[in-house]
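Written below as structure tokens is the structure these notes are about.
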Amino acid sequence: MIEKEKNKAEKASECLFCEIGKDPKNVIYENDVFYAQLDKFPISPGHAEIIPKRHVDSLLDLTREDWLSLQEALKETVQLIEALDFKEIYTEFLETPINNKSEWFCKKMLEHPGIDKKPDGYNFGINDGEAAGRTVHHLHIHIIPRFVGDVENPRGGVRHIIPGMGNYK
Ligand SMILES: [Zn+2]
């Protein structure tokens with residue numbers, strides 16, 4: 001085995017997102033290539049991730065067939081999010097939080113203005129590479145529901161990942 005492949009295999013064996021997908025209780029949606037889970041450290045009600053079942057590092061490593069599956073996974077997961085009872089979900093998460101931080105995020109959700117609403121929009125986000133802020137090196141596409149009034153001025157959206165550069169007006 002060449003060194004690069006060996007490293008890849010080693011990474012996959014201890015990869016959080018390879019593991020999470022194996023437990024059906026974490027999975028809210030799946031097709032042949034992807035699964036979806038709700039984030040246990042949510043930044044907005046319904047915050048979820050679409051994750052390839054096999055160990056894929058980067059968005060740029062997806063095949064043409066994967067992209068078709070991703071389209072389906074995104075659409076169907078969004079539909080599913082729109083049918084969720086957020087209050088019930090975060091109340092349940094708070095019964096067995098992963099840690100204090102997860103508990104803090106889930107409590108915040110129960111106070112969120114969108115807790116009993118359907119999302120008005122979405123940010124779809126991928127941190128591809130450590131420089132882009134990624135910590136789990138297995139592709140995951142964040143679905144972040146947005147609600148009118150959830151922040152004072154949403155203009156610029158994902159541009160705000162670089163502090164101070166979001167507002168271009
Ligand atoms: Zn993995």
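We use all heavy atoms of the structure for the numbers below, so side chains are in, but hydrogens, waters and symmetry mates are not. Counting starts at 1 for both ligands and their atoms, in listed order.
- By the salt bridge (charged side-chain N to carboxylate O under 4.0 Å, His left out) test, D39 is found to be paired with no residue, residues two or more places apart in sequence or in another chain being considered.
- The Zn ion (ligand 1) has an N, O or S atom of C18 under 2.8 Å away, backbone or side chain.
- Heavy atoms of other residues, nucleotides or ligands lying less than 6.0 angstrom from NZ of K108 number 12 at most.
- Closest to the Zn ion (ligand 1) among the N, O or S atoms of H138 is ND1.
- H55 has its closest N, O or S atom to the Zn ion (ligand 1) at the position named ND1.
- Residues satisfying the salt bridge (charged side-chain N to carboxylate O under 4.0 Å, His left out) criterion with E92, sequence neighbours excluded, are absent altogether.
- The hydrophobic clustering, which links ILVMFWY residues whose side-chain heavy atoms are closer than 4.5 Å, places I115 and I144 apart.
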